[in-house]
Amino acid sequence: MTAVAIPGLDKAPTSHSGVLAWVREVAELTTPDRVVWCDGSEEEAARINSELVDAGTFVPLEAKPNSFWAASDPSDVARVEERTFICSEREEDAGPTNNWVHPDEMRATMTELYRGCMRGRTMYVIPFCMGPLGADDPKLGIEITDFAYVVASMRVMTRMGKAALEKFVTEDGTERPFVPALHSVGKPLEPGEQDVPWPCNDTKYISHFPETREIWSYGSGYGGNSLLGKKCYSLRIGSVIARDEGWLAEHMLILKLISPEDKAYYIAAAFPSACGKTNLAMLQPTIPGWRAETLGDDIAWMRFGEDGRLYAVNPEFGFFGVAPGTDWHTNPNAMRTIEQGNTVFTNVALTDDGDVWWEGMDSKPEHLTSWKKQDWTPESSEPAAHPNSRYCTPMSQCPILAPEWDDPKGVPISAILFGGRRATTVPLVNEARDWQHGVFMGATMSSEKTAAAAGKVGEVRRDPMAMLPFLGYHAGDYFKHWIELGKSADGTKLPKIFYVNWFRRGDDKRFLWPGFGENSRVLKWIVERIEGKANAVETPIGLVPRAEDLDTEGLKEPLADIQAALDVDADEWRQEIPLIEEWFAKIGDRVPSNLRDELELLRQRLG
Ligand code: GTP
Ligand code: SPV
Ligand code: MN
């Protein structure tokens, strides 16, 4: 074979033979005009940003330093679950909740899509590390992409460039394994063809090969489809690695809550996409004396430490947060984080004075440029920002970042919260009787669909542990993994599990619970339960506080609303039973018997 001379291909700043071979193979298949090995330097970031401005992908914001507005192609605004595939050797290993195609077939299809797909473009090679660089076993990856927007975003979201690449070969010369993650927008340029600001392709594939731990993504530039360290690596491939190595890769925020007595409690919480993780992660408590710090807003990797406790690490380096609804009242710490600049805003609205705007902000501008790049006034019938518009901002800028956020050891978790978005049935908070009951709660939790994924919004679906779109293997095996980890642990050291719902509505459709900073009242009760200090009532579904068991001092909402938010209606719950049965039937005979036992107990308690 004759070696193809692609400028930059031979400039590899590493001797790692696996990296060199794979990058060459991809370059020869995709035939970019040039190859750039990303080092993560300031100079590189400035160059990438200015290229994105020249290309029309980025508009610099006058009102925020080193920050940019990007508007995607109107068709490329969210994760595409229908186009997401788990390509395990055997279909049964992907399980009934994932789309499956045999790896040979997927490789054949995508290889043809990738052939020549970077023509006329630059191929960027991004070495990255998920989790602290100081870990004993750093989780490494290389993302190859032909979209500079992905380079700019990966710089915020991951530890990337030279510092990550240094971890690929150990001091004694051993080459560490890495996850190859290939991304292309799927829009080659013919000679002289003018590029568009947001190249993408109507044909989209987000494919994962769990056995060989590879990611192949094609056709989309949107966050979860293109920033492959995030959901693709840290959750879909991550969950498979975690199963094999005996730990947990979860769609969870990590929060540090500090009591008036200065005692710190670490809490991990799994809510589906656009159901409140970022907001809880950056909580500003409304109750006197309580403080919160954050360690992560989307993903937690958790493993048992030598002391028998469950320790969590956030594999990410930035926040990719939902913009609409974020304001000084709801999430002041997110506002303080993005205000410092160095932030990429995608699909929000642009103000006439070069700032960003979205629905849920207090200000009411008279004129905006909408995310569709159209004139917008308060009379416009469509929202100015897309409901899934996002800010991408460095964690290091968050004023309440916990000092231990980069510690490879992680933080010991005292409580795990599961939660969804349910207008009815599910009470504000409900404590599991034990680990197995908690796993049942997580495995059967449900939520209304949001704009974070393409498809119909509002439909209730089961979303186990908020992992439905992110599981890299069979859901039944995943439940078994949770049960078995609990059995292998010292029960007295396991986190307590709670099921929360900030989104219950009254008959007039308004939220019964004020949410946001007021959620600190629920967290206080949870901490008091851990300390054995607070009361709860035994109900058929778990241990639920009465309104008087919560600290409601200073709360503006009528007590009747709080009581309604906490209500456990046996009739409503009886209606859940067939839905849970249907869900278990879908998963089939790999549902652990322990969870079937829990369902039977629930049925009996409901009478
Ligand atoms: P992903 O980044 O998609 O995983 O979402 P997330 O789970 O981090 O959700 P996020 O915190 O961004 O919240 C999504 C939406 O829910 C935003 O519009 C918030 O304003 C809203 N929200 C968050 N917390 C609450 C709450 O306690 N009550 C109510 N009513 N709305 C909330
Ligand atoms: C989510 O949808 O859960 C997100 C955004 O956090 S994405 O990166 O697209 O997955
Ligand atoms: Mn998420």
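Just so you know, residue 1 is the first one in the sequence shown, and it goes up from there. Every number for a ligand or one of its atoms is a count from 1 in the order of the listing.
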May I ask you to decide whether Arg461 forms a salt bridge with Glu459, counting only side-chain N to carboxylate O separations under 4.0 Å? no

Ala452: numbered ligand 2 atoms lying under 4.0 Å from its heavy atoms: 2 (O)

Run through the protein N/O/S atoms less than 2.8 Å from the Mn ion (ligand 3) and write them out by chain and number. Lys231 NZ, His251 NE2, Asp298 OD1

NZ or CZ of Arg505 within 45° of Phe511 ring axis and under 6.0 Å: yes

Strictly under 4.0 Å, does any heavy atom of Lys277 approach an atom of ligand 2? no

With a 4.5 Å heavy-atom cut-off, do Asp298 and His251 have their side chains touching? yes

protein heavy-atom neighbour closest to atom 6 (O) of ligand 2 works out as Lys231 NZ, 2.6 Å

Could you list which atoms of ligand 2 come closer than 4.0 Å to a heavy atom of Phe470? 3 (O)

Does Arg243 qualify as a cation-pi partner of Tyr473, given the criterion of NZ or CZ under 6.0 Å from the six-membered ring centre and within 45 degrees of its axis? yes

Steps toward side chain to side chain contact (heavy atoms under 4.5 Å, CB included) verdict (Phe470, Ser239): CA-CA 8 Å; Phe470 309 120; Ser239 62; over 6 Å; no

Which of the numbered atoms in ligand 2 are under 4.0 angstrom from any heavy atom belonging to Asp298? 6 (O)

Contact check, side chains of Val457 and Lys449, non-hydrogen atoms, under 4.5 Å: no

Gly224-ligand 2 polar pair, N/O distance under 3.5 Å: yes

Using a heavy-atom cut-off of under 4.0 Å, does the side chain or the backbone of Phe271 touch ligand 2, or both, or neither? neither

Give the atom numbers and elements of ligand 2 that come within less than 4.0 Å of a heavy atom of Ser273. 1 (C), 2 (O), 3 (O)

Pick out which of Trp198, Tyr149, Trp69 makes a side chain to side chain donor-acceptor pair (under 3.5 Å) with Thr346. Tyr149

Answer yes or no: is there an ion pair linking Lys187 with Asp73, defined by an N-O contact shorter than 4.0 Å? no

Counting from 1, what ligand 2 atoms have a heavy atom of His251 closer than 4.0 Å? 3 (O)

List by chain and number: which residues place a heavy atom under 4.0 Å from ligand 1? His251, Pro272, Ser273, Ala274, Cys275, Gly276, Lys277, Thr278, Asn279, Asp298, Phe320, Val322, Pro324, Gly325, Arg390, Arg421, Trp502, Phe503, Phe511, Gly515, Phe516, Asn519

Do Trp216 and Phe209 make the cut of ring centroids closer than 6.0 angstrom? yes

Evaluate Phe319 against Tyr391 for ring-ring contact (aromatic ring centres under 6.0 Å, His included), listing each step before the verdict. CA-CA 7 Å; Phe319 302 121; Tyr391 56 81; 7.7 Å; no

Using a 4.0 Å cut-off to any heavy atom of Phe320, which atoms of ligand 2 qualify? 5 (C), 8 (O)

Lys524 and Asp551 ion-paired at < 4.0 Å: yes

Contacts of type salt bridge (charged side-chain N to carboxylate O under 4.0 Å, His left out), residue Arg336, not counting sequence neighbours: none

Run the ring-ring contact (aromatic ring centres under 6.0 Å, His included) test on Trp376 and Trp357 for me, step by step, so that the C-alpha distance in whole Å, both residues' side-chain angles and the decisive distance to 0.1 Å come before the verdict. CA-CA 11 Å; Trp376 186 95; Trp357 192 89; 5.7 Å; yes

Does the side chain of Asp463 pick up a donor-acceptor pair with the side chain of Ser447 at under 3.5 Å? no

Among all residues two or more places apart in sequence or in another chain, which pass the side chain to side chain donor-acceptor pair (under 3.5 Å) test with Ser414? Arg309

Provide the number and element of each atom of ligand 2 under 4.0 Å from a heavy atom of Lys230. 6 (O), 8 (O)

